[in-house]
2 protein chains.
Amino acid sequence: MTLHTDLTRNQSLVLGALERAEGPISAYAILDELRTDGLRAPLQVYRALDKLLDMGLAHRLETLNAFILCAHPHEHTSEIIAFAICETCRQVWEFSDDTVRERLIAWTQAQDFRPSRTTMEIKGQCRKCAA
Amino acid sequence: MTLHTDLTRNQSLVLGALERAEGPISAYAILDELRTDGLRAPLQVYRALDKLLDMGLAHRLETLNAFILCAHPHEHTSEIIAFAICETCRQVWEFSDDTVRERLIAWTQAQDFRPSRTTMEIKGQCRKCAA
DNA sequence: ATATAAATGTTATAGCATTACATGGCGAAC
DNA sequence: GTTCGCCATGTAATGCTATAACATTTATAT
Ligand SMILES: [Zn+2]
Ligand SMILES: [Zn+2]
Ligand SMILES: [Zn+2]
Ligand SMILES: [Zn+2]
């Protein structure tokens with residue numbers, strides 16, 4: 001895990017945009033946020049995002065084509081993370097479950113499948129929006 | 001679940017392309033396959049795919065932006081399906097695990113979250129490609 | 001200082017998905 | 001049998017997401 005202060009200028013800018021977003025945000029939306037800071041091309045955002053993902057500071061939500069600040073200060077590179085995504089208010093909950101992790105690892109080991117990255121995303125409605 | 005014979009012409013064409021693919025295939029690749037059959041626009045493919053997904057005959061792989069024929073003849077609209085995707089040979093294994101399903105449902109119920117659709121995709125290397 | 005790796009800037013392009021609108025087919029209601 | 005409503009289709013245009021390719025600059029190590 002890399003410290004906040006290790007970030008380059010572009011990485012800090014993108015991280016700041018993720019923090020302000022308080023929810024999932026697309027790379028292009030991040031770019032629009034940061035045009036006033038001098039960013040001009042999508043690649044500048046995508047490159048910064050790649051590093052932030054590597055550092056575990058942000059996550060990519062595959063079903064939204066969007067990115068979100070990691071909800072946990074701790075490291076979880078070896079964890080299997082799940083996201084619950086409210087389709088109404090777009091709020092996201094990040095969690096992990098050891099039993100789920102064990103079962104998925106059991107399946108992969110039985111098949112001699114070597115996992116590199118796992119995506120788990122539950123779309124639905126949160127308590128507030130379902131009421 | 002809808003029967004094979006209920007399919008419209010475009011839906012049958014797209015299903016045929018999925019069957020011939022024997023693996024994940026993008027909507028645009030399907031379109032290219034079906035140009036000789038008269039299809040011309042992406043929307044024709046996407047509309048057919050939407051129906052096939054609804055019927056449970058095909059699945060969308062979010063991490064690949066691709067689609068694949070359902071591996072199981074039975075219905076599993078209420079199941080939570082997982083996919084193991086080999087990043088080398090692109091082969092895909094479709095499976096489900098009751099314990100995983102229970103744990104995810106337990107989490108959502110505890111949060112009063114009402115799930116509508118769950119995505120689980122494990123990227124990695126299959127037995128053959130990891131050897 | 002020099003070599004090496006990492007990050008950046010810029011343009012262009014590739015790939016994926018939907019909006020909008022017009023048309024056609026087919027069964028139910030009348 | 002005609003009218004209506006529904007579903008599928010056809011077509012063009014557009015929007016959104018992501019990467020390739022290449023040149024340049026900046027940081028790091030020896
Ligand atoms: Zn996290
Ligand atoms: Zn909500
Ligand atoms: Zn299936
Ligand atoms: Zn393989």
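Basis for what follows: all heavy atoms, side chains included, without hydrogens, waters or symmetry-related copies. Within every chain, numbering begins at 1; the chains are lettered A, B, ... in the order of the sequence lines, protein sequences first and strands thereafter.
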May I have the distance from A/Arg40 (atom CZ) to C/dT8 (atom C1'), rounded to whole angstrom?
-> 13 Å

Nucleotide D/dT26, atom P - distance to CD of A/Gln11 in whole Å | 16 Å

Which angle, rounded to 10°, do you find between the first-five-pair axis and the last-five-pair axis of the helix from C/dA1-D/dT30 to C/dC30-D/dG1?
-> 30°

Answer yes or no: does a side-chain N or O of A/Thr8 lie under 4.0 Å from OP1 or OP2 of D/dA27?
-> no

Between D/dT9 and B/Gln44, is there an OP1 or OP2 to side-chain N/O distance shorter than 4.0 Å?
-> no

Taken to the nearest whole Å, CG/A/Asp6 to C1'/C/dA7 is 14 Å

With sequence neighbours excluded, residues passing side-chain hydrogen bond (donor to acceptor under 3.5 Å, both in side chains) with A/Gln109 | none

Under 4.0 Å protein heavy-atom contact, by nucleotide of nucleotides 14-20 of chain C - B base, S sugar-phosphate only | --BBBBB

Ignoring the backbone of A/Leu39, work out which of D/dA8, C/dG9, D/dG10 is nearest its side chain.
-> C/dG9

For B/Asn65, side-chain contact (heavy atoms from CB on, under 4.5 Å) partners two or more places apart | B/Arg60

For residues 118-131 of chain B, the side chain to side chain donor-acceptor pair (under 3.5 Å) pairs (sequence neighbours left out) are A/Asp112-B/Arg127, B/Thr63-B/Glu121, B/Thr88-B/Gln125

Round to a whole Å and report the spacing from CG of A/Leu52 to P of C/dA7.
-> 11 Å

In whole Å, what is the span from the CG atom of A/Leu31 to the P atom of C/dG9?
-> 12 Å

Listed by chain and number, what are the salt bridge (charged side-chain N to carboxylate O under 4.0 Å, His left out) partners of A/Arg9, not counting sequence neighbours?
-> none

CG of A/Asp37 versus C1' of C/dG9: gap in Å, rounded?
-> 16 Å

For A/Arg114, what residues pass the side-chain contact (heavy atoms from CB on, under 4.5 Å) criterion, not counting sequence neighbours?
-> B/Ala130

Results of side-chain contact (heavy atoms from CB on, under 4.5 Å) for B/Glu102 - residues two or more places apart only | B/Asp98

A/Thr36: partners by side-chain hydrogen bond (donor to acceptor under 3.5 Å, both in side chains), with sequence neighbours left out = none

Whole-Å gap separating C1' (D/dA18) and CG (A/Leu61) | 16 Å

With sequence neighbours excluded, tell me which residues meet side-chain contact (heavy atoms from CB on, under 4.5 Å) with A/Ala29.
-> A/Ile25, A/Ser26

Minimum-distance pair of heavy atoms, taken over all atoms of B/Pro42 and B/Tyr28 = CG-OH, 3.3 Å

Check each residue of residues 82-92 of chain A for a non-hydrogen atom within less than 4.0 Å of any atom in DNA chain C, then write out the ones that pass by number, or none.
-> none

A/Tyr46 vs A/Phe67 aromatic rings, parallel, tilted or perpendicular, using cut-offs 30° and 60°?
-> perpendicular

Take the protein atom CG of A/Leu49 and the nucleotide atom C1' of D/dA18, then report the distance between them rounded to whole Å.
-> 11 Å

Contact list for residues 25-46 of chain B, test salt bridge (charged side-chain N to carboxylate O under 4.0 Å, His left out), sequence neighbours left out = B/Arg20-B/Glu33, B/Asp32-B/Arg35

